Number of protein chains: 2
Amino acid sequence: MSKKKVSLKDIAEKAGVSTALVSYVLNGKEKESRVGAEMAAKIRQIASDLSYKPNYLAKSLRSGKTQTIGLIIADISNPFFANIARIVEDEAKKNDYTVIIGSSDEDADKSWDLINVLLNRQVDGFIIVSSENTEEQIQYLNSRNVSFVLLDRHFPAIPTDYVVLNNYHASYIAGTHLIEGGYRNIGLIAYRSQLFHMQERIRGYVESLRDAGITFYPDWLTEVDFARIEPEIRAGIDRMLAADQPVDALIFSTYRLAISGLKYINELGLTVPDDLAIVSFGQAEAFDLYYCPITYLQQPMEALGKTAVELLISKLKDPEQPPRPVLMEATLIARNSSKVKAFVT
Amino acid sequence: MSKKKVSLKDIAEKAGVSTALVSYVLNGKEKESRVGAEMAAKIRQIASDLSYKPNYLAKSLRSGKTQTIGLIIADISNPFFANIARIVEDEAKKNDYTVIIGSSDEDADKSWDLINVLLNRQVDGFIIVSSENTEEQIQYLNSRNVSFVLLDRHFPAIPTDYVVLNNYHASYIAGTHLIEGGYRNIGLIAYRSQLFHMQERIRGYVESLRDAGITFYPDWLTEVDFARIEPEIRAGIDRMLAADQPVDALIFSTYRLAISGLKYINELGLTVPDDLAIVSFGQAEAFDLYYCPITYLQQPMEALGKTAVELLISKLKDPEQPPRPVLMEATLIARNSSKVKAFVT
DNA sequence: AATGTAAGCTTAATCGTTTAAATAGCAAAT
DNA sequence: ATTTGCTATTTAAACGATTAAGCTTACATT
């Protein structure tokens with residue numbers, strides 16, 4: 001690739017000393033290793049003349065540390081994860097870590113693959129947005145004493161470090177907000193998933209209804225398969241609207257679902273919020289640009305990403321410390337899509 | 001990190017042979033190296049029993065190849081780049097390469113940093129979305145014989161491999177499309193940048209006007225600073241609307257600019273396309289969801305990303321081959337935001 | 001019996017670092 | 001004259017792999 005790589009040896013030869021000395025100097029260990037002042041200066045000079053760049057492979061092989069974090073997310077082309085990835089990247093760089101990102105597509109097999117590839121590449125630790133049915137992967141990492149932090153999702157049965165949203169509460173807030181706006185028949189569109197965060201989003205919604213004394217009709221809940229979003233959302237919305245108690249408001253439990261759902265609602269010629277009020281998880285430019293700005297649950301993205309990196313780095317420094325779980329709160333940003341219901345008089 | 005790493009040595013000891021033999025077998029070189037059949041089987045068995053995973057650091061140090069590509073983009077949290085990143089990731093994985101992504105924020109210094117960090121980590125090559133004033137970085141890579149492919153943007157003065165859009169033509173198509181729709185006073189919002197792709201977008205627009213016999217008024221062109229998008233777009237749109245020849249149509253030269261611009265157009269209470277027709281580069285969910293779906297220039301994302309990876313890998317195999325430039329065409333997706341002008345009768 | 005040769009393994013160098021331990025040189029103390 | 005104590009530097013092993021070259025056998029050929 002490059003014409004000639006400059007190594008410690010080249011510097012050592014030019015200075016007429018051993019590579020050890022060069023290593024000491026360039027690592028700022030001249031004091032501890034009692035390197036002569038003028039020799040240190042000479043070495044430094046030569047290093048800069050040759051514009052020496054240390055080979056991280058060799059460093060890492062020797063030290064057992066690569067200063068690399070593996071970040072496993074569902075899909076980098078999803079704005080939510082792209083946002084998180086950027087924050088993680090920046091925070092990692094501040095701490096002299098490099099990030100390798102892998103997209104699992106919510107698929108347990110792909111997730112295994114990624115973990116193995118990254119382990120072979122000797123990443124120091126992981127930040128993982130877990131997919132369904134990946135508990136054994138987490139257990140495996142635990143059993144091998146690999147450091148990792150779960151992000152956005154976690155498994156309540158497995159004690160780990162994690163940084164996630166208080167999904168129950170966020171969903172509860174969304175439901176309550178709509179109820180206070182005068183909506184009574186509120187639907188939820190979620191993923192069909194055993195993942196805890198999704199279950200919590202459903203639970204929060206259901207309990208918000210119950211606490212308001214509203215009977216929950218099963219028709220109001222649509223669970224959509226990851227792989228068949230479009231058709232299942234259409235079917236779900238059709239069903240919700242045709243129910244005995246047709247919905248007058250809809251909560252989308254993720255940004256992707258909201259985008260798909262809104263497209264269909266447009267097609268149907270429904271007006272937001274008069275025909276259907278909307279609240280969604282996640283934030284997106286599309287929400288701002290929609291003819292009726294969408295009310296959404298704002299997640300503390302910066303804090304989520306930063307905290308994940310912090311926890312991981314702290315774990316890498318001291319792998320024996322007990323797992324630290326972190327729960328963060330969402331903020332409801334109220335817009336016109338959920339404005340107080342205009343009753344027909 | 002892990003309890004105990006399994007190395008070639010461990011397998012060798014367990015099998016009572018040298019590490020060389022193990023290496024030969026596990027790399028499928030048993031034939032060339034005349035390894036005994038039963039011994040090969042035994043070694044393979046032990047390797048799988050211990051679930052041996054090769055250490056890529058050691059491999060790479062020895063071979064001088066890391067099977068790693070550095071991808072430098074402006075910002076992973078920008079959907080355009082996130083999309084590209086995903087395609088590059090997948091295509092690279094197919095070829096047993098891992099990608100390390102870095103965001104330069106369109107900043108030459110950050111770009112230098114990234115290049116150095118990634119070079120130190122011994123990436124085999126780069127795919128780069130160049131920022132302004134980074135010609136010297138490209139020259140540097142060339143002078144060091146580092147393999148790379150430029151993506152989305154290139155420097156016409158420097159012969160390199162690159163994969164970019166035919167920006168001139170795309171912009172020309174956009175202008176022509178509006179003109180054919182009956183719009184005469186067409187504005188363009190672009191970045192204030194010397195980057196060739198941006199200059200080409202401006203040139204295509206200007207020439208589409210000229211070829212249609214329309215006089216171009218400088219007030220119709222707004223160039224916006226990367227760092228001050230919001231205020232400059234607002235000022236620009238104000239100026240365009242207040243010009244002697246107020247614009248009746250607007251071309252946005254990137255997705256980001258379109259999002260910002262549309263927000264302001266909403267604020268102003270203007271109606272698309274009656275008050276202002278719109279065509280934008282890039283694609284986005286927001287464009288579909290807008291009350292009046294936005295006409296856009298669709299870029300061949302898959303082809304762009306895939307080709308970049310292909311060119312790079314081919315270059316890595318044979319670094320001596322001459323640079324291959326690739327130009328791709330955009331497709332105009334016509335929607336309501338640019339529908340044939342309704343003349344007031 | 002001497003020689004050739006092929007099969008089956010081992011040895012050892014190498015990639016570029018780090019770092020504990022050894023050594024050399026010299027001055028001061030015994 | 002020997003020991004002690006410094007300072008300044010070297011030696012060499014180690015990290016985990018790859019691979020050219022060398023070494024034993026056993027067996028076939030002359």
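Note that the structure is predicted; figures quoted are calculated from it, not measured. So that the names make sense, note that chain A is the first sequence line, chain B the second, and so on, each numbered from 1.
Using a 4.0 Å heavy-atom distance criterion, B/Ser18 is classed as a base contact. Among the heavy atoms of the strands, none lies under 4.0 Å from A/Ser63.
Side chains of B/Arg153 and B/Thr134 form no contact here, defined as non-hydrogen atoms less than 4.5 Å apart.
Taking only side-chain atoms of A/Ser23, from C-beta outward, the nucleotide of D/dG16, D/dT7, C/dT19 with the closest atom is C/dT19. Ranking C/dT17, D/dA17, D/dT9 by closeness to the B/Tyr52 side chain, first place goes to D/dA17. Closest approach to the B/Ala20 side chain among D/dG16, C/dT10, C/dT17 is made by C/dT10 (side chain taken as heavy atoms from C-beta onward). Closest to the side chain of A/Val17, from the set D/dA17, D/dT10, C/dT17, is D/dT10.
Taking for each of B/Thr19 and A/Glu38 the nucleotide of DNA chain D with the nearest heavy atom, the 5'-most of the two is the partner of A/Glu38. Taking the nucleotide of DNA chain C with the nearest heavy atom to each of A/Lys59 and B/Met39, the more 5' of the two is matched to B/Met39. Both A/Val22 and B/Gly16 lie near DNA chain C, and the one whose nearest nucleotide falls closer to the 5' end is B/Gly16. Nearest-nucleotide assignment on DNA chain D puts the 5′-proximal partner with B/Leu61, out of B/Leu61 and B/Lys29.
Between B/Arg34 atom CZ and D/dT25 atom P the separation is 16 Å, expressed in whole Å. Distance B/Leu26 CG to D/dT19 C1': 15 Å, rounded to the nearest Å. Going from atom CD1 of B/Ile43 over to atom C1' of C/dG8 covers 11 Å, rounded to whole Å. Here C/dC15 presents its P atom at 23 Å from CZ of B/Arg121, a figure rounded to the nearest Å. Between the CG atom of A/Asn120 and the P atom of D/dG16 there is a distance of 14 Å, rounded to whole Å. For the pair B/Leu8 CG and D/dC15 P, the computed distance is 13 Å after rounding to whole Å. Atom pair A/Lys53:NZ and C/dG16:C1' shows a separation of 16 Å (rounding to whole Å applied). Rounded to an integer number of Å, the gap from NZ of B/Lys65 to P of C/dG16 is 13 Å.
Of the possible donor and acceptor atoms, one in the side chain of B/Glu132 sits under 3.5 Å from a partner among the backbone N and O of B/Gln194.
By the 30° and 60° cut-offs, the orientation of the rings of B/His154 relative to B/Tyr162 is parallel.
Just one residue in the list A/Leu71, A/Val149, A/Asp124 forms a side chain to side chain contact (heavy atoms under 4.5 Å, CB included) with A/Leu312, and that residue is A/Val149.
A donor-acceptor contact under 3.5 angstrom links the side-chain atoms of B/Tyr24 to the base of D/dA20.
A salt bridge links A/Asp90 to A/Arg86: at least one charged side-chain nitrogen sits closer than 4.0 Å to a carboxylate oxygen.
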